Amino acid sequence: MNAEEFYTKIKGDSGLQTALEEAIDNGKLAEFLSANGCTASEEEFSACIASHC
C-alpha cells in the first residue's frame with residue numbers, strides 16, 4: 001500500500017499509532033513501513049503525514 005493508504009489505516013488503529021511512534025523514536029521507520037506492507041520510503045511517508053497536519 002502507498003503512504004496515503006497506510007496513513008489512513010494508522011489513523012483508525014491506536015495500536016499502529018503507538019507502534020509508529022516507537023519506530024520513529026527508535027529510528028526504525030523504514031523497517032516499520034516495510035513490515036506493515038507500506039511501499040513508501042521514509043521521506044514519502046513523512047511528507048504524507050506532514051500534509052495532514
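Note: hydrogens, waters and symmetry copies are ignored here, and every other heavy atom, side chains too, is used. By convention here, the first residue in the shown sequence is residue 1. Nothing here was measured: the structure is a model prediction, and the numbers come from that model.
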Kindly assign one of parallel, tilted or perpendicular to the pair H52 and Y7, based on the angle between their ring planes and the thresholds 30° and 60°.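 Ring orientation of H52 relative to Y7: parallel.
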Apply ring pair (Phe, Tyr, Trp, His ring centres under 6.0 Å) to the pair F32 and F6, showing each step before the final yes or no. CA-CA 11 Å; F32 174 78; F6 192 47; 5.7 Å; yes
To the nearest 0.5 Å, tell me how far S34 OG sits from K28 NZ. 13.0 Å
Is there a side-chain contact between L33 and S41 (heavy atoms, below 4.5 Å)?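 L33 vs S41: side chains apart.
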Measuring only between side-chain heavy atoms, which start at C-beta, is I49 closer than 4.5 Å to L20?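 Yes, side chains in contact.
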If you look at every heavy atom in C48 and S51, which pair is closest and at what distance?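 Closest pair (atom of C48, atom of S51, distance): O-OG, 2.7 Å.
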For the student: nearest non-hydrogen atoms of G12 and Q17, plus distance: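 Answer, listing the atom of G12 first, then Q17: N-NE2, 4.4 Å.
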Any donor and acceptor pair, going by atom type alone, linking the side chain of S46 with main-chain N or O of E43 inside 3.5 Å?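 No, the answer is negative, given that no donor and acceptor are paired below the 3.5 Å cut-off.
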Main-chain N/O of C38 paired with N36 side-chain donor or acceptor, under 3.5 Å: no
List the steps and the verdict of side chain to side chain contact (heavy atoms under 4.5 Å, CB included) for T39 and M1. CA-CA 6 Å; T39 58; M1 77 189 78; over 6 Å; no
Go through E22 and T18 one step at a time and tell me if the side chain to side chain contact (heavy atoms under 4.5 Å, CB included) criterion holds. CA-CA 6 Å; E22 290 175 6; T18 300; 3.7 Å; yes
